[in-house]
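Report on the following structure.
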There are 2 protein chains.
Amino acid sequence: MENVDSQAEKARWRGRAKPQAAEAKRAQRQQQLILAAIDCISRKGIGDTTVADIARVADMAVGSITQYFTGKDALFSAALQQMAQEFETAWRADMALAGTHDAAARLRAFLLAYFRADVCQRKKVAVWFAYWGEVRARPRYRAICAEFDLVHDTMLRDLCASLIQEGGYAELDPARTAKTLAALAQGLWLEHLTGSDGLSRDELSMHALLGLRALFPHDADAFADPA
Amino acid sequence: MENVDSQAEKARWRGRAKPQAAEAKRAQRQQQLILAAIDCISRKGIGDTTVADIARVADMAVGSITQYFTGKDALFSAALQQMAQEFETAWRADMALAGTHDAAARLRAFLLAYFRADVCQRKKVAVWFAYWGEVRARPRYRAICAEFDLVHDTMLRDLCASLIQEGGYAELDPARTAKTLAALAQGLWLEHLTGSDGLSRDELSMHALLGLRALFPHDADAFADPA
DNA sequence: TATAATTGTATGAACATTCATTCATAATTT
DNA sequence: AAATTATGAATGAATGTTCATACAATTATA
C-alpha cells in the first residue's frame with residue numbers, strides 16, 4: 001500500500017509510459033495475495049494461517065509477499081481494510097439505488113446491504129469475526145475498524161433521525177435506534193456464522209426487516225418481507 | 001477431568017478419606033489455569049497467547065499445565081466450556097428470580113442476563129469473540145458452543161412462544177422472534193467490545209429493552225427502562 | 001544488456017511439549 | 001510415636017518443530 005507513492009514518483013521521474021500496465025499488474029498481484037489471505041483466514045483463522053498457506057493459495061512464492069507488503073501483518077491489515085472498503089462501497093451503492101428522498105427506503109437498503117450475496121458469504125463473515133476476535137489485541141485492526149465504523153455509524157444515525165422525524169416516532173432516540181439496528185445486523189452475521197441451522201441470507205434479511213418493522217411500525221409497508 | 005473417576009474409585013477401594021481435600025486442591029489449581037487463560041486471551045488474543053504467558057499469570061510452572069490438561073488446546077476448550085457454563089448459570093438464576101408465571105418478566109430476565117456485571121465484562125466479551133473468530137477453524141470449539149446454544153435457543157424460543165400466545169402477537173413467529181432477539185443481544189456485545197464510544201452496560205441493557213418493546217408493544221410496561 | 005520481478009531455500013527466533021529431578025505429604029512399618 | 005518408604009504434584013531446562021523473514025539465485029521484461 002505504501003509503495004504506491006514510489007510507483008507514481010518513478011513514473012514521473014522517467015517521463016516514460018508504462019506505469020499504466022505495470023501498475024495494473026502490480027495491483028492485480030496484491031489483490032491475489034489479499035484474496036488468498038481472506039480465503040486462508042476464513043478456513044484456518046488468523047492465528048493458524050501461515051505465509052506458506054497464503055502463497056500456496058495465491059499460487060505465488062512466499063518471497064513475493066514481502067515484495068508487495070511489509071510483512072504478514074501488513075497483508076492482514078490490507079485485507080481488513082479491503083473488506084471494510086468493499087462493504088462501504090456495497091451499502092453506498094444500494095443506497096444510491098434507493099434514491100435520495102424516501103428515508104425508509106434508504107434505511108432498508110442500508111441494512112439489507114449486510115445480507116447481499118457478495119457481502120454475507122460465510123467465508124467473509126468468518127473473516128470479520130476473526131478480526132473482531134483480535135481487535136482488542138491489535139491496535140492496527142482497531143484503527144481500521146474505527147475509521148470505517150465512524151462513517152457507517154454516522155450514516156445509520158442520520159437515516160434513523162430522518163425517518164424518526166418524517167414518520168413521527170418522537171419517542172425514539174436516533175442514536176439509540178441506530179445502535180440497536182447495527183447490533184441486530186451484526187448479531188445476525190454471527191448467527192449466520194455459528195448457527196447450526198444455517199440461516200440463509202434471505203432468512204437473515206427477513207429477521208432484519210422484522211426488527212425494522214418493530215421499531216418503525218408506521219412504515220411496515222416499506223419494510224415488508226420481499227415476495 | 002478424566003481422573004475424577006479414578007479418584008472416586010480409589011476412595012471406594014481404600015474406604016479412607018482424603019479425596020475431599022486433594023480433589024478440591026486439584027480443582028482449584030485447574031481453575032487458576034482457566035482464569036489465567038481467559039485473562040491472557042482477553043489481552044493478547046488466542047493466537048498470541050503462549051503457555052508461558054498463562055503460566056506466568058497463573059503463577060505456576062509451564063510444566064504444570066500438562067499436569068492438569070492434555071495440552072494448550074484442551075485448556076482453551078475447558079476455558080470456553082466454563083465461560084459458556086457460567087453464562088447459562090447466570091441466565092438460569094436470573095430467570096428463577098423472575099418467577100415462573102409472567103412470560104414477559106422471564107423474557108426480560110433472560111435477555112438482560114447478557115448485560116449482568118459478571119457476564120458483560122469487556123474482558124469476557126473479548127474472549128467470546130476470540131473464540132467465535134476461531135469457531136470455523138476448530139471443530140472442538142464449535143461443538144462446545146453448539147451444545148450450549150441448543151439449550152439457550154430452545155429456552156429463548158419457548159419464552160417468545162409463551163409471550164406471543166399470552167400477549168396476542170399472532171403475527172409474530174416464535175423462532176424468528178427469538179433469533180432476532182439473540183442476534184440483538186450478541187450484536188450489542190460486539191458494540192461493547194469495539195464501540196469507540198464505550199457503551200456502558202446500562203446503556204446496552206436499554207438498547208435491548210428498546211428491542212423488546214418494539215417487538216412486544218403491548219408489554220411496553222414490562223420492558224420499560226429501569227428507573 | 002540492464003533492470004525489475006520472482007522464486008524458494010537458509011536462518012534463527014519463538015513456541016508447545018516432554019521429562020528427569022525435587023520435594024512435600026501420606027502410608028507403612030518398627 | 002518414630003522412622004522409613006511410597007506417591008505423585010511441581011518444576012523448568014532441553015528438545016524438536018513451526019514459522020516469518022531475508023536473501024542469493026533465477027527468470028522475465030524493456
Can you tell me the distance, in whole Å, between the [atom1] atom of [X] and the [atom2] atom of [N]?
| X | N | atom1 | atom2 | answer |
| --- | --- | --- | --- | --- |
| A:Ile46 | D:dC19 | CD1 | P | 16 Å |
| B:Asp59 | D:dG12 | CG | C1' | 14 Å |
| B:Arg56 | D:dG12 | CZ | P | 13 Å |
| B:Met60 | C:dT22 | CE | P | 23 Å |
| B:Leu33 | C:dA16 | CG | C1' | 15 Å |
| B:Gln30 | D:dA10 | CD | C1' | 15 Å |
| B:Asp53 | C:dT17 | CG | P | 14 Å |
| A:Asp48 | D:dC19 | CG | P | 8 Å |

Legend entry - Spatial distance of atom CE (A:Met206) from atom CG (A:Leu199) [nearest 0.5 Å]: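 The CE atom of A:Met206 sits 10.0 Å away from the CG atom of A:Leu199.
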
Tabulate below the donor-acceptor pairs under 3.5 Å that side-chain atoms of residues 41-52 of chain A make, not counting sequence neighbours, or state none.
residue : atom : partner  : partner atom : Å
A:Ser42 : OG   : A:Asp39  : O            : 2.8
A:Arg43 : NE   : A:Asp39  : OD2          : 3.2
A:Arg43 : NH2  : A:Asp39  : OD2          : 2.9
A:Lys44 : NZ   : A:Asp53  : OD2          : 2.9
A:Asp48 : OD2  : B:Arg138 : NH2          : 3.3
A:Thr49 : OG1  : A:Cys40  : O            : 3.4
A:Thr49 : OG1  : A:Gly45  : O            : 2.7
A:Thr50 : OG1  : A:Ala52  : N            : 3.4
A:Thr50 : OG1  : A:Asp53  : N            : 3.0
A:Thr50 : OG1  : A:Asp53  : OD2          : 3.1

Legend entry - Sequence-distant partners of A:Phe110, ring-ring contact (aromatic ring centres under 6.0 Å, His included), two or more places apart: A:Trp91, A:His152

Inset, instruction - Could you tell me which residues satisfy salt bridge (Lys or Arg N to Asp or Glu O under 4.0 Å) with B:Asp59, sequence neighbours excluded, listed by chain and number? - result: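 Once residues adjacent in sequence are excluded, B:Asp59 has no partner under the salt bridge (Lys or Arg N to Asp or Glu O under 4.0 Å) criterion.
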
Legend entry - Listed partners of A:Glu88 passing side chain to side chain donor-acceptor pair (under 3.5 Å), at least two apart: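 Here the qualifying residues are A:Arg92.
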
Inset, instruction - Report the residues that fulfil side chain to side chain donor-acceptor pair (under 3.5 Å) with A:Tyr131, sequence neighbours left out, ordered by chain and then residue number. - result: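 For A:Tyr131, no residue satisfies side chain to side chain donor-acceptor pair (under 3.5 Å) once neighbours in sequence are set aside.
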
Check this one for me: any side-chain N or O of [X] less than 4.0 Å away from OP1 or OP2 of [N]?
| X | N | result |
| --- | --- | --- |
| B:Arg29 | D:dA10 | yes |
| A:Ser64 | C:dT6 | no |
| B:Tyr68 | D:dA9 | no |
| B:Gln67 | D:dA9 | yes |

Legend entry - Distance-only polar pair, side chains of A:Glu203 and A:Ser200, donor-acceptor under 3.5 Å: yes

Inset, instruction - Starting at the 5' end of nucleotides 20-27 of chain D, put B wherever the base has a protein heavy atom under 4.0 Å, S where only the sugar-phosphate does, and a dash everywhere else. - result: BB------

